[in-house]
Amino acid sequence: MEFSLTEEQRLLQDSVSRFLQAECPLARVREAAESGSTHVDNVWSGLTDLGIHGIVIPEEQGGVGLSLLEACLVAEALGNCVVPVPFVGSSVMAPIAILAAGTDAQKERFLPRIAAGQVVFGVGVTEQIGRRESEGISLQGSRLSGKAMFVLDGVDADQLIVADSSGALHIIDADARGVTTGKLKTIDRTRAVAEVLLNDVEAEVLPGSVGNRGPLESTIDAGRLILAADCLGASQNMLDQSVAYAKERRQFNRVIGSFQAVKHMCADMAAELEPCRALMWYSAHVYTAIPDEARLMACHAKAHLAEVGQQIARTSTEVHGGMGFTDLLGLHYWFKRIGFDRQLLGAPELVREEAARIQGWV
Amino acid sequence: MEFSLTEEQRLLQDSVSRFLQAECPLARVREAAESGSTHVDNVWSGLTDLGIHGIVIPEEQGGVGLSLLEACLVAEALGNCVVPVPFVGSSVMAPIAILAAGTDAQKERFLPRIAAGQVVFGVGVTEQIGRRESEGISLQGSRLSGKAMFVLDGVDADQLIVADSSGALHIIDADARGVTTGKLKTIDRTRAVAEVLLNDVEAEVLPGSVGNRGPLESTIDAGRLILAADCLGASQNMLDQSVAYAKERRQFNRVIGSFQAVKHMCADMAAELEPCRALMWYSAHVYTAIPDEARLMACHAKAHLAEVGQQIARTSTEVHGGMGFTDLLGLHYWFKRIGFDRQLLGAPELVREEAARIQGWV
Amino acid sequence: MDLEYSEEYQAFRQEVVRFIADHRHLAPGNVARRPGEDVGISWQKLLIEHGYAARTVPAEYGGFGAEPDILKSHIIAEEFARAKVRPGHSGDNRLVPTLLELGTEAQKKQFIPPTIRGEMSWCQGYSEPGSGSDLASLGTRAEVDGDDFVINGQKIWTSGAKTADMMFCLVRTEPDAPKHQGISYLLFPMDTPGIDVRPLLQMTGDAHFNEVFFTDVRVPTSSIVGKRGEGWFVANATLKHERGGLGDPHAAEARFHEIVELMQHETVDGMRLMDHAVYRDRLLKLQARMLSMKFNGMRVLTHSSRGEEAGLPRWIVKLMGCELNHQMAAMAIDLLGELGILYDASPYLRDGGIWQHRYMLDLGLIIGGGTAQIQKNMIGERALGLPKEPKVEGA
Amino acid sequence: MDLEYSEEYQAFRQEVVRFIADHRHLAPGNVARRPGEDVGISWQKLLIEHGYAARTVPAEYGGFGAEPDILKSHIIAEEFARAKVRPGHSGDNRLVPTLLELGTEAQKKQFIPPTIRGEMSWCQGYSEPGSGSDLASLGTRAEVDGDDFVINGQKIWTSGAKTADMMFCLVRTEPDAPKHQGISYLLFPMDTPGIDVRPLLQMTGDAHFNEVFFTDVRVPTSSIVGKRGEGWFVANATLKHERGGLGDPHAAEARFHEIVELMQHETVDGMRLMDHAVYRDRLLKLQARMLSMKFNGMRVLTHSSRGEEAGLPRWIVKLMGCELNHQMAAMAIDLLGELGILYDASPYLRDGGIWQHRYMLDLGLIIGGGTAQIQKNMIGERALGLPKEPKVEGA
C-alpha cells in the first residue's frame, strides 16, 4: 500500500515546475495576457521538449505513454504558474478522445503530431454537460452544422473535436469551409475558449463514439480532472503567496501572520486544501486503474476543488488586503484561473447532480 | 416611519423578562427538567397575571387583544430564559385557530378560559407541513381517527386542536374516549411534545376551516413566528453568555476575549443575529398588518433564525470551551432549545421550499 | 412599528417627485460624475437652491442651510435613485464636514462654496503602501522650511487623483511624537509641482484608484487644518460619520431581483434555472439575508432620524452588506455556468459582465475601508465591549 | 500509487482474519470496556500472545515485542473493526509509551505488565478548571513533606476516574519557576486517601468525565517519573504521539453510508428524502469531504509506514475530521425533521437517538483536546511556519 507519488512522478512534476518557474514567470504571463495571447511560444516548445503534449499518448504514437495522474501533475504545475498555453483540450481531452474512439489510422495521423507539438486541438463538448441557449451540433451524413459555445483551447486551434447532439465525436479541420471561430473573452486571460459555428462542415467521425457515450464521457472526465488539478495548483500557489505575505507584511508593529485572524485564515486554507491533494491523486489514479470509479471521482474532484478553490481565491485576496485587489502583485491571475476552472465543464451544482446520477441516487 | 418597537411594546417585554428572570432562573429550569415537567406552576400563574395567555385574544373574550408582534416579544423573552411552560401551541396557535375559524360560541367557550390560564391546548398540525411515516388523521362524520405525531404543548393538555387530512381543524377533549396521548422525549426538556392517537374520537370542527386552508395556514404561520422568536431570544442569550464568559475567563495571562479568534467568534454571532431582530419584527408586524406578506415572511423568519440559531448555539459552546460541553453552566439548555425551534413546524429546507411556492417560483 | 411615513414626509416626498419630474430634462444625461462639467454645475446649483444638495451646509457657505433631517435626506436619495436621475452632492462627504467642524473661517469661506457647487473637486491622501489597517503608522513626511511644508512620500488608494483639483492629506510633521500625535492635516492643489499621480490597476481591469508620489512638494504652512500634530483627530472627527454607514439595502434588493429574473429566463439543458431545486434553495437563503439587511437598514434609519446612535445594527452593516452582495454575485456566476466566466465585451456576455465585475469589486469593498477582520475587531470591541488586543510595541 | 497491500501484508491480513474467525467466541461479547473483567483479561492475554495487542511493547515488560509496523497495526485495527470484535489495547496509550521512554527500570517492571494485561487501569490528571487551552498554567500543588508529596488541588475532564486503579498526574512542585519548568509527573493509586471523584455531567446527558479533588493526598516521592520540574517535558514526550492523529476515516465513511441509507428509506410527505434535490446536493458535498479525508488518511498512513513525518496532511486531521462528523450528524437531524429532535428512548426514535448524541459529542470533540482555535494556531505555526502570538506576561 503506497498512497503517494512515485519517485518518477515527483521528478516529472519537479522538472515541469522548474521549467515553468524559469520560463514563465509572472512577467511573462502578464506580457502574454496583455498581448491577448494564450499560447506562449517558448513555453509551448519547452513543454514539447519535455514530452508534455504527448503525456497520455502511447510511445508507439510518439508520446511518453503516461497515465492521467501524470497529466494531472502537469496540470497542477501549469495552474501553479498560471501558464498561458493550451493543455486541457489540446494535450489531454483530444488525444484521449482519439485513443478511445479513433481508428488506428486516425491515431497514426493525429497523435504523433499532437505529441510533437505540431498541432493544437480545440475540444467542444460543453453542450453535452449543460446546454446553454442555442448551443448544439447536428449531423447530416458526415456533415455538421450548429454551434459549439465553449471550445477549450479553441482559439488558433488547427483541428477541432466536437460532439454532435448524440454524443458522437468528430474531428474537423479548423480551416475547413463553413467553420467560423470566434474568441470568447473570459476573466482568465491565460486560457483560450472559442465559440465555433459550423455550417455544413465536412467532418471525420471517431467511429468508436457512435452509439457509445463511453468515449465522450472519458473525455469529459479527463477534462474535469485536469481542471481540478489546475485549480489545485493555482490554489496552492495562492496559499503559499498568502503565507509568504503574512510573514513579511507588518502592521501595528507586528507581521500580520502573528495576528490570530490572519493565521487562522491561512490555517483554514491549508486545512481545506491539503485533503484535496489526496482526493486529486486518488481520482486521477482510478481514472486509469479502476474505471468503475472513474466517473464519480472525476465529478467529486471537479466539484470539490471548485468549492475549495473559490474559498481560497477569496481568502488569499483578503490576506493580501488592498494589494490583493490591485494588479501590482498579479494575484488576480490566480484568482481568475480558479474562477475559470470552476465554471468550465460543469459548475459545481450540476456536477454534483451528475455524481448523484452515477451512483443511482436519482 | 418608525421601524422600532413602541414604548408599550418595550415595557411589555421588559416586564415579562423581569418576571422570568426573577421567577425562572436556571436553577428552576433544571429542577423542572429533572422532574420531567414542562409546566412550572409559579411561572404559569405569573404569566396568567401578566395577561400572557390572552395576549392575542381580544378583550371581549378576556384577553389583552395585542398583535402577534407582542406575542413574539413574549416568545423571545421565554426563549431567552429557556422557560419550561406551554406557549406556542396553547397560548398562540390554539387561540389563533379558534379566532380564525371558530364560531362565536366556540370563541366564548374557549378563549376566556385560555386567557385565564384555566386550560392548556395542544396543537397537532405537523402532518400538514411534512408528513412522516404513518402520521395523519381522517374524518368520518364528526369523528376522527389516526395519529398526530408532534402535538405542541400536547403533554398534559386539556384540549387538543388537530388538523385532519383535508386541513380542517378540530377541537377534541384530551380526556375523550379514544384519545391516547404519549409523551415524546426530545433533547429539549423545557418543551412538551406529544403524540396523540385517535380512535373514532368525537370532535368539534372549527367550521371556518372546512374547505378553506386559510385558518390552518395562519395557525402554522403564527407557530413558525413564535418558534423563530423563541430562537432569537435563546440565541441572544447564548451570545450574551459568550461575551460575558470571554470577558472573564483567562488563559495565557489574558482574558480570552482579547484573542482575535474568540473576539471574531463573538463578532460573527452578533453580526449574524442582529439583522434577525429586524427580520423578526417585520415578519411579526406584517402577520397582522400586511396579510399578503404574512406567509412568506413567516417562512423566512423561521428558516433564517433556524440557520443563524444553529450557528450561534455551536459557536457559543465553542467559546465556552469544555465548560460549554458540561452541564455545569447549563449552556446546553439553550443549545437544545434552539435545536427544537429548528426542527419543529418544518426544518429549514422544507420551509424554504414552501417560501418558493408562495412566491410562485415552483 | 409604523412602516408609513407621516403626512409631513409624504408631502415632502411628493415635492421631491414633482421637482424631479419638472426638472429632469436639465439633469446631466450621461453617467460621468466628474464635477466641473458645465451641465453638472448648473444642475448642482439648481439642486442646492431647492435643498436637494448640500442641504445642511449653512447658507453663508453656499449651502441650502436646512436643519439635518435624516428622513428627508433618505427620501431625496430614494426618489432620485428611483427616477434614475443624477442626485446632487455635498462637495466631499469627508472634507466638507471636517472644514465645517474644524476649519478656520477663512478656510470655510475659501473652500466650501466652490466645493459644494462642484467647481472644486477633492481627493483624499490617507492610505499609504506601508499603512493599510494601521493608518496611523503613515510615513509621508512634511518638514517646515520657512513658511512652507515640504512634503515627501507616497499615498495609495487615492480615487479621483487624476481629476481632482485639491487634496486633503495626512502627513507626518512630528516624527518623534507617538504615532497618533505626529500627524497633520493639509489641503493643497493637485497641480503643485512635485506631485506625480499614477493609476493603480485593479483586478477588475479598471483603474479607479491611484498612487500619488510627493517629491519636495512645497505648500504654505497655512494649508493646515487644526494644529500641527492634531491631524489624526481632525481626520477622525469625520471618519466617525462614515464607518458603519447605512449601506444601500436598496441596491442589494435590486440585485436580488436581477437574480430572480435571471433564474426565470436562463435555461440549462432547456430547463429554467428556477426549476433547479438546489439553486432555488440558495436563492431563498440569500433572500432571507437580503430582507434582514433591508429591515435592519430601516431600523438604523429610524434610530438616526431620532438622533440616536443605532449601535450594533449599524456596526454590522458594512461587514454583512458587502458579504451579501459578494455572495449574490457569486451565485449569479454559478447560475450562468460557462457563461458566467465571460468578461470584457465577449460574445454571449450577460448583463455586460456585471456579475464578474461585482464579484471582484465587492471583494475589494470587503477588504477596503477596513478589512472584514478590522470590522470584526470593531464589532467585538466597540459594540460588544471585548478588550482590545494587547499592544505590542517595537516587536 | 499502489492501493494494494504487498503479499507480505496480504498474508498478514489473512492471518488476522483467520485468528479472529477461530477465536471470536472467546471475545467479550458485551460492550463494556473496563479492563479488569476476567473475560476481558483472558482475551487481552490471548491477543498479546498472538501479537494483536501490546504488539510493540518489549517482551520483558509483558508485551509481544514486535518491531513497529504501522501497516500491520492498521490491518489489525481494520480487521477487528470489520469483524466487530473487541480489539486489544496496549494499556494506556499515553502512559505506557511515557514509561517506556522515561520511566525507571523499576517503574517499567512494576507498572507496564499489569497495565497491558488490563489488570491495572489508569486515568489521566492533566486538565484543570483554570487551565484549558493553557495547560501549563495548571495550579494543583504537590509539596514535599519528608518522603512524601502532599497534593492539593483539582483536576477536570478525567475520564474513567471512577473506575481507574491509578492516575498519572501533572502537579506543580516548583511554584516559583517559570510555568513550564515547575511541573512534575506523578503516578499514584486512586484509592489514596484524600482523592474525591465527582462525575461531570455532559450536555449529552452522559457523565463520561469527572472532576477529581485532592485534599492533602500523600504519595511517596518515588512516584515521580523523570525529575522534579520536568513533568511538562515528560508529558509532552508522548503527547506528540497523539496530536494530529490518524483520526478514523472508516468511522466517517460508515456514518456517511448510514445517511445514504436513511435518505433511501425515510420519507416526508411520502417522498423519499433521496428524491429531494437540496438534501442530495448536501449529501454529495459531504461525500466529497468524507472521501478527501479517507484518502488523506491513506496518505498519512503511507508516510507513517515509512517512518516519515506526514506534516500538514496529519496536522489537519483532527480539525477537519471532527468537523466532518459534526456536519454529518447535523445533516441527519435535518433530514429527520421533527423526528430528528427526539432523544432518550422516545417513541419513534431513529437509530437510538444516535444522531443527536453524535451531534453534541462531536462538538465536544471539536472543543476537547485543543479547541478548533488551538488546532488552527498549531496548523498556522507548526505546519505553515507563521509566527506565534506575541506573549503577554502578567497582563
Side-chain angles (χ1 to χ4, degrees), chain A residues 1-6 9 67 69 239-240 242-243 246-247 253-260 262-286 289-290 296-297 299-301 303-305 307-308 348-349 351-353 355-356 359 361-362, chain D residues 1-6 9 71 74-75 260 263-264 274-275 277 280-285 287-289 291-303 305-306 308 311-317 319-321 323-324 372-373 375-381 383-390:
Chain A
M1 216 285 296
E2 288 282 323
F3 192 91
S4 63
L5 300 182
T6 62
Q9 288 165 336
S67 77
L69 176 52
L239 166 58
D240 294 344
S242 300
V243 171
K247 285 178 183 170
N253 287 320
R254 297 160 56 173
V255 296
I256 61 171
S258 73
F259 284 102
Q260 227 180 5
V262 173
K263 187 180 294 172
H264 286 193
M265 288 165 91
C266 291
D268 281 333
M269 287 191 271
E272 287 287 346
L273 190 60
E274 201 54 38
C276 291
R277 192 170 299 280
L279 177 69
M280 195 66 238
W281 289 352
Y282 186 88
S283 305
H285 174 70
V286 299
I290 313 177
L296 175 62
M297 291 315 304
C299 288
H300 272 315
H304 189 59
L305 256 308
E307 302 289 15
V308 172
E349 280 88 354
V351 174
R352 282 195 294 269
E353 188 65 357
Q359 294 178 90
W361 290 346
V362 188
Chain D
M1 297 290 297
D2 182 358
L3 306 182
E4 303 294 321
Y5 283 86
S6 69
Y9 290 106
L71 284 183
H74 184 72
I75 288 169
V260 173
M263 285 180 66
Q264 283 173 330
M274 188 60 96
D275 293 328
R280 209 162 55 225
D281 189 65
R282 193 168 161 189
L283 180 74
L284 266 298
K285 282 184 184 168
Q287 188 178 33
R289 292 190 166 274
L291 291 171
S292 302
M293 292 310 294
K294 176 181 171 178
F295 305 138
N296 186 69
M298 290 163 69
R299 190 177 167 206
V300 173
L301 182 64
T302 299
H303 278 290
S305 71
R306 297 178 186 152
E308 299 165 4
L312 196 47
R314 184 162 197 145
W315 281 106
I316 53 109
V317 165
L319 180 68
M320 299 301 282
E323 183 63 36
L324 171 62
Q373 279 57 51
Q375 295 285 329
K376 290 181 189 178
N377 282 351
M378 294 204 302
I379 293 168
E381 290 162 16
L384 303 178
L386 291 168
K388 290 203 163 202
E389 189 92 4

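So you know, we letter chains A, B, ... as the sequences are listed, proteins then strands, and number each from 1. Heavy-atom basis, side chains included; hydrogens, waters and symmetry copies ignored.
- Both the backbone and the side chain of D:Met1 come within less than 4.5 Å of a heavy atom in chain A.
- The pair D:Arg314-A:Glu274 does not meet the salt-bridge criterion, since no charged nitrogen lies less than 4.0 angstrom from a carboxylate oxygen.
- For A:Met280, no part lies under 4.5 angstrom from a heavy atom of chain D.
- For the set D:Leu284, D:Val260, D:Leu71, the entry with the most heavy-atom pairs within less than 4.5 Å of chain A is D:Leu284.
- Counting heavy-atom pairs under 4.5 Å between each of D:Lys388, D:His303, D:Arg280, D:Glu381 and chain A puts D:Arg280 at the top.
- Of the two parts of A:Glu272, the backbone and the side chain both hold a non-hydrogen atom closer than 4.5 Å to a non-hydrogen atom of chain D.
- A:Gln260 touches chain D through backbone and side chain together, each having a heavy atom under 4.5 Å away.
- Note: D:Leu386 CG to A:His264 NE2 = 10.0 Å, rounded to the nearest 0.5 Å.
- Only the side chain of A:Val255 comes within less than 4.5 Å of a heavy atom in chain D; its backbone stays farther off.
- Formation of a donor-acceptor pair under 3.5 Å by the D:Lys285 side chain with backbone atoms of A:His304 is not found in this model.
- Taking CE of A:Met1 as the start and OH of D:Tyr9 as the end, the distance is 10.0 Å to the nearest 0.5 Å.
- When D:Met274, D:Glu4, D:Gln264, D:Met263 are compared by the number of non-hydrogen pairs under 4.5 Å with chain A, D:Met274 comes out ahead.
- In this structure a side-chain-to-backbone donor-acceptor pair under 3.5 Å is missing from A:Glu307 to A:Ala303.
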For this session: May I have the step-by-step check of side chain to side chain donor-acceptor pair (under 3.5 Å) for D:Arg306 and A:Ser4, ending in yes or no?
Result: CA-CA 11 Å; D:Arg306 297 178 186 152; A:Ser4 63; 2.6 Å; yes

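- The greatest number of non-hydrogen atom pairs below 4.5 Å with chain D, out of A:Met297, A:His285, A:Met265, A:Gln9, is found for A:His285.
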For this session: Start with the C-alpha gap between D:Glu389 and A:Arg254, add the side-chain angles, then the distance that decides, and say whether side chain to side chain contact (heavy atoms under 4.5 Å, CB included) holds.
Result: CA-CA 10 Å; D:Glu389 189 92 4; A:Arg254 297 160 56 173; 4.0 Å; yes

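- Residue D:Leu384 touches chain A through both its backbone and its side chain, counting heavy-atom pairs closer than 4.5 Å.
- The CH2 atom of A:Trp281 lies 8.5 Å from the CG atom of A:Leu69; values are rounded to the nearest 0.5 Å.
- Only the side chain of A:Asp268 comes within contact range of chain D, judged by heavy atoms closer than 4.5 Å.
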